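Worksheet: the structure to be examined is printed underneath.
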Amino acid sequence: MPKAAAAVKSALAYLSWPLVFFSGLTGAYFAFAGDRPMVVFSAVYAGEVLILFLLERAIPYEQRWLQADGETANDIAHTVLTKGLVQLAALSAAIFPMLAAGLLQPLAAMQFSLWPSSWPMLFQATLAVIIAEFGLYWAHRIAHERLFFWRFHALHHSVTRLWVVNTGRFHVVDSLFKIALSQIPLYLLGAPLQVFWWLGAVTAFIGILTHCNVDMRTGFFDLVFSTPRLHRWHHSKDLREGNTNYGENVVLFDQLFGTYFNPNRPSSTDIGIKGQIAPGFLSQLKQPFTRDGVRQILGLQPKRN
């Protein structure tokens, strides 16, 4: 490889994570300041997805993950349809929390009005991310440690490659559980609508970054945020590696509760689950509700009558 091309790829590896994340948040700032915040934000989000799609081909982390796995249609269906049903059929999984917040604001009578609304929005959004993260962390950890919830979360871990398109591959029950634990506290505290917008924006951009197949060198960011490197460890088939790094946006609670994992070696590409997920979108939604389906998810033989 010519030195100039190698230098460009090295620069992209170090700059791509902060560029995508902070340019996305900058775009969100202008979107939220305009008359059509959701429409403009959707365009910003689509632009960042396209950038990551191109980076996956320019500097892939795992060349093998560029090959089709036959799940692209299901991945898109789960992102748009499944999470859309949970959060009112919004345009994409990234903006569901924002639209749900708008419809649930009439529940203000149940709020305690404890939210520090006088703070600058940067501090309010940071506080919201931390409060929501506590619920997201425990929802995610419980989904790994309790069979009842794992049967739904296994759909997300069934992927054999990570790339930007399968970011939103979640079962509807899994999504509901995460939303309940992370967003209800913010509603009850009286957080304003714009705080939910910013929480949704941070979650959207961190989400596509954690799943992207881009060889990013994230360094210091690994200590604060959920990054592609940390999330690849989380998807490892080796449970000593996979039952770690539960943070959705930040890794504060992984650090506090001893589940942070970031050894000094390349993160895993041997990902997936022991069992099997049913083929087809509707079958994948139905599978966790049947006895044989659960056994299939766990890699067990179906019981004979």
Side-chain angles (χ1 to χ4, degrees), residues 14 16-26 28-29 45 48 52 93-98 101 115-116 119-145 153 156 162 164 167-168 170 174-175 177-187 189 191 194-212 214 216-236 241-263 267:
Y14 283 99
S16 54
W17 194 94
L19 282 176
V20 170
F21 183 58
F22 292 112
S23 67
L25 292 183
T26 301
Y29 172 81
Y45 178 75
E48 300 296 346
L52 288 174
I95 63 173
F96 291 154
M98 305 173 194
W115 191 259
W119 289 9
M121 184 52 64
L122 174 62
F123 297 143
Q124 291 189 55
T126 301
L127 179 61
V129 167
I130 293 171
I131 292 173
E133 189 63 46
F134 183 77
L136 289 168
Y137 172 87
W138 282 108
H140 197 175
R141 183 168 175 175
I142 289 169
H144 278 255
E145 295 180 353
H153 189 57
H156 183 73
L162 294 176
V164 67
T167 300
F170 289 97
D174 196 14
S175 295
F177 184 49
K178 290 168 63 178
I179 290 167
L181 267 63
S182 63
Q183 293 203 31
I184 287 177
L186 296 176
Y187 293 126
L189 288 170
Q194 199 167 42
V195 166
F196 287 93
W197 287 0
W198 278 109
L199 174 61
V202 170
T203 303
F205 298 125
I206 291 288
I208 57 175
L209 281 164
T210 55
H211 261 249
C212 71
V214 181
M216 295 178 170
R217 309 300 169 89
T218 39
F220 166 79
F221 295 113
D222 291 334
L223 298 174
V224 180
F225 297 100
S226 181
T227 62
R229 173 178 172 81
L230 297 180
H231 200 62
R232 285 192 293 267
W233 286 121
H234 177 70
H235 272 265
S236 172
E241 300 169 349
N243 287 343
T244 64
N245 299 340
Y246 295 114
E248 178 113 353
N249 294 313
V250 293
V251 293
L252 170 64
F253 297 107
D254 283 301
Q255 302 272 16
L256 287 176
F257 296 117
T259 52
Y260 181 79
F261 184 77
N262 189 20
S267 49

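One-based numbering along the sequence shown. Only heavy atoms go into these numbers, but all of them, side chains included; no hydrogens, no water, no symmetry mates. In this text the structure is predicted, and so the values were computed from the model without any measurement.
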(message) Are more than 12 heavy atoms, taken from residues, nucleotides or ligands other than Phe22, located less than 6.0 Å from that residue's CZ atom?
(response) yes
(request) Calculate, to the nearest 0.5 Å, the distance between atoms CG and CE belonging to Leu209 and Met216 respectively. (result) 5.0 Å
(request) Please step through side-chain contact (heavy atoms from CB on, under 4.5 Å) for the pair Trp233 and Asn262, ending with a clear verdict. (result) CA-CA 8 Å; Trp233 286 121; Asn262 189 20; 4.0 Å; yes
(message) Would you compute the distance between atom OH of Tyr187 and atom CG of Leu189 and round it to the nearest 0.5 angstrom?
(response) 12.5 Å
(request) State, to 0.1 Å, how close Pro185 and Ala180 come at their nearest heavy-atom pair, and which atoms those are. (result) CD-O, 4.0 Å
(message) Ring centres under 6.0 Å, that's the criterion: do Phe257 and Tyr246 meet it?
(response) no
(message) Give me the atom names and distance for the closest heavy-atom approach of Leu127 to Pro116.
(response) CD2-CG, 3.8 Å
(request) Please report the shortest heavy-atom distance between Ala28 and Ala201, naming the atom on each side. (result) CB-CB, 4.1 Å
(request) Give a yes or no on whether the ring-centroid distance for Phe225 and Phe21 is below 6.0 angstrom. (result) yes
(message) Test your reading of the model: is there a side-chain donor-acceptor pair from Glu133 to the backbone of Val251, 3.5 Å cut-off?
(response) no
(request) Report yes or no: does Thr167 contribute a side-chain atom to a donor-acceptor pair with the main-chain N or O of Val164 at less than 3.5 Å? (result) yes
(message) Quick check on the 6.0 Å ring-centre criterion: do His156 and His234 meet it?
(response) no
(message) I need the Thr227 OG1 to Trp17 CH2 distance, nearest 0.5 Å.
(response) 8.0 Å
(message) Distance check, rounded to the nearest 0.5 Å: Leu199 atom CG versus Trp197 atom CH2?
(response) 13.5 Å
(request) Taking all non-hydrogen atoms of both residues into account, name the closest pair between Thr218 and Asp222 and its distance. (result) OG1-OD1, 2.6 Å
(request) Would you please test Lys178 and His140 for side-chain contact (heavy atoms from CB on, under 4.5 Å) and show each step? (result) CA-CA 7 Å; Lys178 290 168 63 178; His140 197 175; over 6 Å; no
(request) Using modelled atom types only, decide if a donor and an acceptor are shared between the side chain of Ser226 and the backbone of Gly247 within a distance under 3.5 Å. (result) yes
(message) Can a side-chain donor-acceptor contact be found between Glu48 and Ser23 if the only test is distance below 3.5 angstrom?
(response) yes
(message) Just so I know, are the side chains of Trp198 and Leu25 near enough to count as touching, which here means a heavy-atom distance under 4.5 Å?
(response) yes
(message) Using side-chain heavy atoms (C-beta onward) and a distance below 4.5 Å, is Asn245 in contact with Tyr260?
(response) yes
(request) Find the distance between CG (Asp254) and CZ (Phe261) and round it off to the nearest 0.5 Å. (result) 12.0 Å
(request) Return the orientation label for the His211 and His235 ring planes: parallel under 30°, perpendicular over 60°, tilted otherwise. (result) perpendicular
(message) Using 0.5 Å steps for rounding, measure from the CD1 atom of Ile179 to the CG atom of Asp174.
(response) 10.0 Å
(request) Check the side chains of Trp115 and Gln124 for a donor-acceptor pair under 3.5 angstrom, ignoring hydrogens and angles. (result) yes
(request) Can you see which heavy atom on Ala128 is nearest to which on Val195, and at what distance? (result) CB-CG1, 3.3 Å
(message) When you compare the side chain of Tyr45 with that of Ile208, does any pair of heavy atoms fall below 4.5 Å?
(response) yes
